[in-house]
Amino acid sequence: MSHIRSATLGGVCTIRFDRPERRNAMTLDMFRDYYAALLAADRDPAVRAIVVTGAGDWFCTGADPEALPALLDARHRDELVLRLGFEPHLPATLGTPIIAAVNGGAAGLGLVHALYADVRFLAAECHLATAFSRLGLIAEYGSAWLLPRLVGVGNALDLLLSGRKIDPAEALRIGLVHRVLPREQVLPAAQAYATDLAANCSPAAMAVIRRQVWAGLETGLDRAAADANRLMADSLAGPDFGEAVTALTQGRAPRFEGRAGA
């Protein structure tokens with residue numbers, strides 16, 4: 001039985017962690033199914049944005065205690081990749097934007113899943129925590145790489161070393177999340193944001209922008225600028241730019257091609 005649910009509407013694929021009786025704690029099978037769902041959505045030409053959320057009152061409490069040896073033992077990374085079937089940083093390699101609708105608490109691996117999203121909406125009633133140090137574990141699944149780039153080195157060290165809970169106000173202040181809303185508004189707001197991307201933004205452009213940002217985190221400014229010049233020439237010559245200009249002159253919404261077609 002899979003604990004991952006997916007549904008696509010209006011170009012938006014909503015993926016839900018569906019194990020509310022265990023606060024959406026993640027088993028290895030659930031982790032594998034989640035990444036498979038992300039990859040399937042990314043390959044689906046009908047999907048132009050992805051929303052990830054949790055069932056019930058939690059986003060994801062982290063790894064299920066019974067799965068911790070398989071999920072979190074860094075000494076067995078190669079075995080983990082073999083059993084998982086994917087590299088742990090898969091979300092960063094996709095071309096489709098990911099929006100996290102963090103409807104409840106997120107800790108450990110659950111928080112890392114939210115960190116890999118491009119934009120994070122957070123429920124005002126919940127708290128976040130890295131939690132790793134309190135379990136005697138190191139910062140896993142790229143969190144030690146992600147957090148300094150999202151919130152700065154000082155804030156990242158604070159969150160990772162202490163493993164303490166932070167409230168929505170602090171998460172918003174340090175830039176860990178982008179919107180804080182009442183719980184019942186989080187998923188609709190995230191889906192509305194994703195629907196706007198799906199309807200009005202070029203899938204090809206968003207895929208390239210996502211790659212530019214991720215690659216640029218490890219690239220010097222001169223290289224990033226040179227890459228941007230080359231990519232800009234490609235986009236100016238591509239069909240989506242012409243369609244956008246035509247749509248503007250005709251006063252209508254653009255009809256962008258999918259990533260493959262572009």
Side-chain angles (χ1 to χ4, degrees), residues 2-8 11-18 24 26-44 47-54 59-63 67 71-72 74 77 80-103 106-122 128 130 132 139-151 156 175-178 187 190-191 193-194 197-198 201 203-218 259:
S2 176
H3 292 288
I4 299 296
R5 302 282 180 263
S6 298
T8 299
V12 176
C13 177
T14 299
I15 301 174
R16 191 184 307 267
F17 304 138
D18 191 20
N24 298 321
M26 190 149 292
T27 65
L28 185 60
D29 286 343
M30 190 173 170
F31 195 164
R32 183 187 303 114
D33 289 347
Y34 170 51
Y35 273 18
L38 282 177
L39 193 59
D42 188 59
R43 291 174 173 173
D44 185 347
V47 173
R48 300 194 170 194
I50 298 169
V51 172
V52 180
T53 193
F59 179 74
C60 177
T61 191
L71 286 173
L72 296 175
R77 177 193 171 279
L80 172 63
V81 172
L82 180 64
R83 295 179 64 187
L84 183 60
F86 305 98
E87 288 287 348
H89 67 287
L90 171 78
T93 70
L94 305 180
T96 307
I98 302 172
I99 316 303
V102 186
N103 58 297
L109 178 58
L111 178 59
V112 176
H113 286 323
L115 297 182
Y116 274 115
D118 302 298
V119 180
R120 286 167 290 282
F121 289 69
L122 179 64
L128 308 174
T130 61
F132 296 120
E140 258 291 5
Y141 295 107
S143 54
W145 188 92
L146 287 164
L147 271 172
R149 289 161 172 79
L150 294 174
V151 300
L176 187 59
V177 301
H178 304 91
L187 180 57
Q191 289 174 323
Y193 181 94
L197 297 185
C201 299
M206 290 192 293
V208 172
I209 288 169
R210 205 167 191 266
R211 288 198 301 271
Q212 283 181 283
V213 171
W214 284 109
L217 295 175
E218 293 299 304
R259 293 203 308 274

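Numbers for residues simply follow the sequence, beginning at 1.
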Visitor: Salt bridge (Lys or Arg N to Asp or Glu O under 4.0 Å): which pairs involve residues 106-120, sequence neighbours left out?
Guide: D118-R210
Visitor: I need the minimum non-hydrogen distance between S2 and D33, along with the two atoms involved.
Guide: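 Shortest heavy-atom contact: OG-OD2, 3.2 Å.
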Visitor: One pair to check against side-chain contact (heavy atoms from CB on, under 4.5 Å): F17 and I4. What are the steps and the verdict?
Guide: CA-CA 5 Å; F17 304 138; I4 299 296; 3.6 Å; yes
Visitor: Stepwise, does the side-chain contact (heavy atoms from CB on, under 4.5 Å) test hold for F31 with L109?
Guide: CA-CA 10 Å; F31 195 164; L109 178 58; 4.0 Å; yes
Visitor: Identify the two heavy atoms, one from S6 and one from C13, that lie closest to each other, and give their separation to 0.1 Å.
Guide: CB-SG, 4.3 Å
Visitor: Quick one: pull up CD1 in I50 and CZ in R48 and give me the separation to the nearest 0.5 Å.
Guide: 13.5 Å
Visitor: Treating S143 as the side-chain partner and V112 as the backbone partner, does any N or O pair qualify as donor plus acceptor under 3.5 Å?
Guide: no
Visitor: So do the side chains of N24 and F59 get within less than 4.5 Å of each other, counting heavy atoms only?
Guide: no
Visitor: For R5, give me all partners under salt bridge (charged side-chain N to carboxylate O under 4.0 Å, His left out), at least two apart in sequence or on another chain.
Guide: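 Once residues adjacent in sequence are excluded, the partners of R5 under the salt bridge (charged side-chain N to carboxylate O under 4.0 Å, His left out) criterion are D18.
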Visitor: For A194 and I99, which heavy atoms make the closest approach, and how far apart are they?
Guide: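 That would be CB-CG1, 4.2 Å.
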Visitor: Indicate the atoms forming the closest heavy-atom contact of A144 with A139, along with that distance.
Guide: CB-CB, 3.8 Å
Visitor: If you count every heavy atom of other residues, nucleotides or ligands that lies below 6.0 Å from R43 atom CZ, does the total exceed 12?
Guide: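 No, the 6.0 Å shell around CZ holds no more than 12 heavy atoms from other groups.
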Visitor: Fit a plane to each ring of F86 and Y35, take the angle between them on a 0 to 90° scale, and name the class: parallel (under 30°), tilted (30 to 60°) or perpendicular (over 60°).
Guide: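 Perpendicular, since the angle between the ring planes exceeds 60°.
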Visitor: Work out which heavy atom in A101 is nearest to a heavy atom in T53; give both atom names and the distance.
Guide: O-OG1, 2.9 Å
Visitor: Start with the C-alpha distance between V177 and L128, add both sets of side-chain angles, then the distance that settles side-chain contact (heavy atoms from CB on, under 4.5 Å), and finish with yes or no.
Guide: CA-CA 10 Å; V177 301; L128 308 174; 4.2 Å; yes
Visitor: Out of curiosity, L111 CG to T61 OG1, how far, rounded to the nearest 0.5 Å?
Guide: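 With rounding to 0.5 Å, CG (L111) is 11.5 Å from OG1 (T61).
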Visitor: Does some side-chain heavy atom of V52 sit less than 4.5 Å from a side-chain heavy atom of H113?
Guide: no
Visitor: Where do L187 and R16 come nearest, in terms of heavy atoms and distance?
Guide: CD2-NH2, 3.8 Å
Visitor: Could you tell me the separation between the OH atom of Y34 and the CG atom of L39, rounded to the nearest 0.5 Å?
Guide: 12.0 Å
Visitor: Look at the rings of F121 and Y193 and say which category their plane angle falls in: under 30° parallel, 30 to 60° tilted, over 60° perpendicular.
Guide: perpendicular
Visitor: Identify every side-chain donor-acceptor pair in residues 90-98 under 3.5 Å, counting partners at least two apart or on other chains, and give the distances.
Guide:
{"residue": "T93", "atom": "OG1", "partner": "L90", "partner atom": "O", "Å": "2.7"}
{"residue": "T96", "atom": "OG1", "partner": "D42", "partner atom": "OD1", "Å": "2.7"}
{"residue": "T96", "atom": "OG1", "partner": "R259", "partner atom": "NH1", "Å": "2.9"}

Visitor: Do L147 and L115 pass the side-chain contact (heavy atoms from CB on, under 4.5 Å) test, and can you show the C-alpha distance, the side-chain angles, and the key distance before you say yes or no?
Guide: CA-CA 8 Å; L147 271 172; L115 297 182; 3.9 Å; yes
